Amino acid sequence: MNIVLTTLNAKYIHTNIAIRYLKAAALPEFNPTIVEYTIKDPTFNIVTDLYQHKPDVVGFSCYIWNIEETIRVVKMLKTVSPQTKIVLGGPEVSYDSNYWVRRLENEVDFIIMGEGEVSFKQLLKYLNEEIQLDEVPGVCYLEDGKFKIHPQPTKVDLRELPSPYRFEEDLPHLGKRIQYIETSRGCPFSCQFCLSSIEVGVRYFNREKIKEDIRYLMDNGAKTIKFVDRTFNISRSYAMEMFQFLIDEHKPGVVFQFEITADIMRPEVIQFLNDNAPKGLFRFEIGVQSTNDETNELVKRRQNFEKLKRTVTMVKDGGKIDQHLDLIAGLPEEDYNSFRKTFNDVFAMRPEELQLGFLKLLRGTGLRVEAEKYGYTYVDIAPYEIFSNKVLTFDEIIRIKQAEDVLEKYWNDHRMDNTIEYLVTEGFETPFDFFQNFGTFWEEKGWSRIGHQLEDLFNRLEEFLLTQPHVNQSVVRSLMKLDYLSKQQFQPRKLWFEERIQQEEQKQIYNILKESPELAGSEFAEMKLTEKEFFKHSLLVPFGIDHEAYKNGEILEQDGILLTLFRPGQMPYFATLKEIKTT
């Protein structure tokens, strides 16, 4: 029997661990072929490729981000290969399964609900005429127009599952794509917007097998390994053991990502990481979602924000681990002003990345069941994003989306850290107000419908700031120059700003620095640059603040010149020349 396991990933760099677990479980009796596509691939191309495998069975792994694209593939595939049995599985089709089998009754033969390792293999045995259909657990289908559903199998013993990482065909791709590691299933919490809350309890895989899998991935070139456990640190002893293992045995260039629950992380664990983890080895993803206590209570989310803040602050102060914090706009009883406060509460911690998401009423979640209670209107096709609720209008959601757009471009991408830090602390009442006002301006200008280069981001920010009379334009322009030049390894041929020091004045400055190089700092003096080196690698531009004072946290306005020395492989060297007088 020719079996294909497939999915449509959001991006090429992603891999699907679910279909690999299914293949591992199906062996040795069955040997499915794994093929992966992306949601950007043309449907016709995907169907053509699947058809050329001449499959008897195709299993699709379905999620909110790929379900509609998957359905288009399924409909076309069934048209050109009607004899192929099509099976759907994954979180998107595990709930409201009656809806799915009826919507796709002409294309889909079976849906596997929930955990699939046992069910899928038993289904293959049925399709291979080895057992009866009623011996297959956890499936649903239509029979003579009637909906049939089989009870779920007993939860699989995760400690006994075979590894999903030892397939030879995956070896060429391990270093090019994110590799996902699962060390547990389930979640101890009951957040009503999340599917993970439905599975009661947490089950663990065999620790030593997990370590062997990680060694295997690293030995074969994996660079980014992401743990998909919903709460990696729910067991402190387990988390400490795994952190120690990764510190001891990691290979250069490998990064490990975790979803952690920050308010249960003990200070001594963070101190251990601050003391022992190499910089850049770990990355934390932390779901904050809301700082509104009433909202958290309504969605059954237990969260101590003060302890969460302690964790995030300690980690940030340690300087070893980047943190990605998540918010959700649209939760019950969180109106626009409350969300503004949530955003500012979390932004105050200055996470390296702040993800501003919007509530999705996922099938199977408590909030979807209670949608009417909170007045939700939402799109009833994946990803089920809301339009509004009783306390948040669609107009307000649009405004928050505008803030999210520039947050991504200007904060999360870290193109202008000095400038944005100044604006959110000195230029606007709160950080949210800066992102909100700029986001609305961006949308009104139509920039969201066209692309942008790095220079465009600087020009567009400047155009917005010129409409803000309370902003100190001289200081901001100087910080923008600093940000722009700090991202360059070589002297740029094109600048987003026009001010330059003319060549004749540059020669005069060089001659002064040749006689008194300490005017540009002791490090500059030690370089002993020739005139040719100076003109090839340095740039002189008008500057409105003292760079030395700024490095010490003080904005000291003064008319001067910023000397930038570009050093390939190193950060540029900066100095402000304030005592140089040219004629």
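Bear in mind the structure is a predicted one, so any value in this text is a computation, not a measurement. FYI, the numbering just counts along the sequence from 1.
- No salt bridge links K211 with E249; every basic N to acidic carboxylate O contact stays at or beyond 4.0 Å.
- Ion pair K155/E117 not flagged as a salt bridge, since none of the NZ, NE, NH1 or NH2 atoms sits closer than 4.0 Å to an Asp/Glu carboxylate oxygen.
- Nearest heavy-atom pair across G330 and Y376 is O-OH, 2.7 Å.
- With hydrogens and angles disregarded, no donor-acceptor distance shorter than 3.5 Å links the side chain of S94 to the backbone of M113.
- Note on R20 versus D170: salt bridge recorded, some NZ/NE/NH1/NH2 to OD/OE distance being below 4.0 Å.
- Between the side chain of K360 and the backbone N or O of P383 there is no donor-acceptor pair closer than 3.5 Å.
- Judged by a 6.0 Å distance limit and a 45° cone about the ring axis, R363 is positioned over the six-membered ring of Y99.
- Here the side chains of I328 and S290 are not in contact, with every heavy-atom distance at 4.5 Å or above.
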Could you walk me through whether D144 and K146 pass the salt bridge (Lys or Arg N to Asp or Glu O under 4.0 Å) test, one step at a time?
CA-CA 6 Å; D144 298 327; K146 294 182 179 180; over 6 Å; no
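- More than 12 heavy atoms of other residues, nucleotides or ligands shown are found within 6.0 angstrom of CZ on R215.
- Considering every non-hydrogen atom in both P332 and V299, the closest pair reads CD-CG1, 3.6 Å.
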ring-ring contact (aromatic ring centres under 6.0 Å, His included) evaluation trace for F256 with H250
CA-CA 9 Å; F256 297 97; H250 75 277; 7.7 Å; no
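- In this structure, I400 CD1 and F435 CZ are separated by 14.5 Å, a value rounded to the nearest 0.5 Å.
- A donor-acceptor contact shorter than 3.5 Å links the side chain of N206 to the backbone of E208.
- By the 4.5 Å heavy-atom criterion applied to side chains, L104 and I71 are counted as neighbours.
- Rounding to the nearest 0.5 angstrom, the gap separating the CZ atom in R310 from the CG atom in N304 is 8.0 Å.
- Take E129 and apply the side chain to side chain contact (heavy atoms under 4.5 Å, CB included) test, not counting sequence neighbours, and it matches no residue.
- Here the closest non-hydrogen pair linking R301 and C191 is NH1-SG, 3.2 Å.
- Not one N or O on the side chain of K85 forms a donor-acceptor pair closer than 3.5 Å with the backbone of D109.
- No hydrogens or angles considered: a donor-acceptor pair under 3.5 Å links the side chains of E92 and Y384.
- When the shell of 6.0 Å around NZ of K300 is examined, it contains 12 or fewer heavy atoms from other residues, nucleotides or ligands.
- A salt bridge is absent between E404 and K401: the closest approach of a Lys/Arg side-chain nitrogen to an acidic carboxylate oxygen does not fall below 4.0 angstrom.
- Within the 4.5 Å cutoff, side-chain heavy atoms of L161 are placed close to those of L158.
- At least one side-chain heavy atom of Y141 sits less than 4.5 Å from a side-chain heavy atom of V139.
- When all heavy atoms of F147 and S97 are compared, the pair lying nearest together is CZ-OG, 3.6 Å.
- At a threshold of 4.5 Å between non-hydrogen side-chain atoms, the residues I3 and F120 count as touching.
- N412 and E353 share no side-chain donor-acceptor pair at under 3.5 Å.
- In summary, the side chains of T7 and N66 do present a donor paired with an acceptor at a separation below 3.5 Å, with no hydrogens or angles considered.
- A donor-acceptor contact closer than 3.5 angstrom links the side chains of D417 and H414.
- Within a 6.0 Å radius of NZ in K121, more than 12 heavy atoms belonging to other residues, nucleotides or ligands are found.
- Using a 4.0 Å cut-off between a side-chain N of Lys or Arg and a carboxylate O of Asp or Glu, E135 and K125 do not qualify as a salt bridge.
- Within the 4.5 Å cutoff, the side chain of F284 has heavy atoms near those of the L273 side chain.
- Side chain of T365 to backbone of L361: no donor-acceptor contact under 3.5 angstrom is found.
- A salt bridge links E115 to R203: at least one charged side-chain nitrogen sits closer than 4.0 Å to a carboxylate oxygen.
- Looking at heavy atoms from C-beta onward, D326 lies out of side-chain contact with V288 at the 4.5 angstrom threshold.
- Counting heavy-atom neighbours within 6.0 Å of Q453 CD, excluding the residue itself, gives a total of 12 or less.
- Taking a cutoff of 4.0 Å between a charged side-chain nitrogen and a carboxylate oxygen, E259 and K226 do not qualify as a salt bridge.
- Without hydrogens or angle criteria, K23 side chain to P32 main chain gives a donor-acceptor distance under 3.5 Å.
- Between Y410 and R415, the side chains place no donor N or O within less than 3.5 Å of an acceptor N or O (distance only, hydrogens not considered).
- Classification of E68 and R103 as a salt-bridged pair holds, one side-chain N sitting under 4.0 Å from a carboxylate O.
- In this structure, the side chain of N9 does not engage the main chain of Y12 through any donor-acceptor pair within 3.5 Å.
- In this structure, the side chains of I86 and K78 come closer than 4.5 Å at one or more pairs of heavy atoms.
- No salt bridge links R302 with D263; every basic N to acidic carboxylate O contact stays at or beyond 4.0 Å.
- Among all heavy-atom pairs drawn from F358 and I397, the shortest one is CE2-O, 4.0 Å.
- Judged purely by atom type and a 3.5 angstrom limit, Q179 uses its side chain to pair as donor or acceptor with the backbone of R177.
- Between E241 and R236 no salt bridge is recorded (no basic side-chain N to carboxylate O distance below 4.0 Å).
- Counting only N and O atoms by type, the side chains of D229 and S184 include a donor and acceptor under 3.5 Å apart.
- Side chain of H150 to backbone of V136: a donor-acceptor contact under 3.5 angstrom is found.
- Between F347 and W411, the distance separating the two ring centers is shorter than 6.0 angstrom.
- Looking at K279 and D322, no side-chain N of the basic residue comes within less than 4.0 Å of a carboxylate O on the acidic one, giving no salt bridge.
- Considering every non-hydrogen atom in both E169 and H173, the closest pair reads O-CD2, 3.5 Å.
- Side-chain N/O atoms of D134 and Q132 include no donor and acceptor closer than 3.5 Å.
- For F282 and F243, the ring centers sit closer than 6.0 Å to each other.
- Residues T295 and E297 have side chains that never bring a donor and an acceptor to within less than 3.5 angstrom of each other.
- Listed by first then second residue, pairs satisfying ring-ring contact (aromatic ring centres under 6.0 Å, His included) with a partner in residues 186-223 read Y21-F205, Y204-Y238, not counting sequence neighbours.
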Could you go through R368 and D380, starting from their C-alpha distance and side-chain angles, then the distance that decides it, and tell me whether this counts as salt bridge (Lys or Arg N to Asp or Glu O under 4.0 Å)?
CA-CA 11 Å; R368 187 178 175 107; D380 200 21; 2.8 Å; yes
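- Residues T342 and E334 have side chains that bring a donor and an acceptor to within less than 3.5 angstrom of each other.
- For the pair T38 (side chain) and K40 (backbone), a donor-acceptor distance under 3.5 Å is present.
- D213 has a carboxylate O that lies under 4.0 Å from a charged side-chain N of R166, or vice versa, which qualifies the two as a salt bridge.
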Show which side-chain atoms of residues 46-62 pair as donor or acceptor with protein atoms under 3.5 Å away, not counting sequence neighbours.
| unit_1 | atom_1 | unit_2 | atom_2 | d |
| --- | --- | --- | --- | --- |
| T48 | OG1 | F44 | O | 2.8 |
| D49 | OD2 | Y37 | OH | 2.5 |
| H53 | ND1 | D49 | O | 2.9 |
| D56 | OD2 | N2 | N | 2.6 |
| S61 | OG | N16 | ND2 | 3.4 |
| S61 | OG | Y63 | OH | 2.9 |

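- Counting only N and O atoms by type, the side chains of S196 and R230 include a donor and acceptor under 3.5 Å apart.
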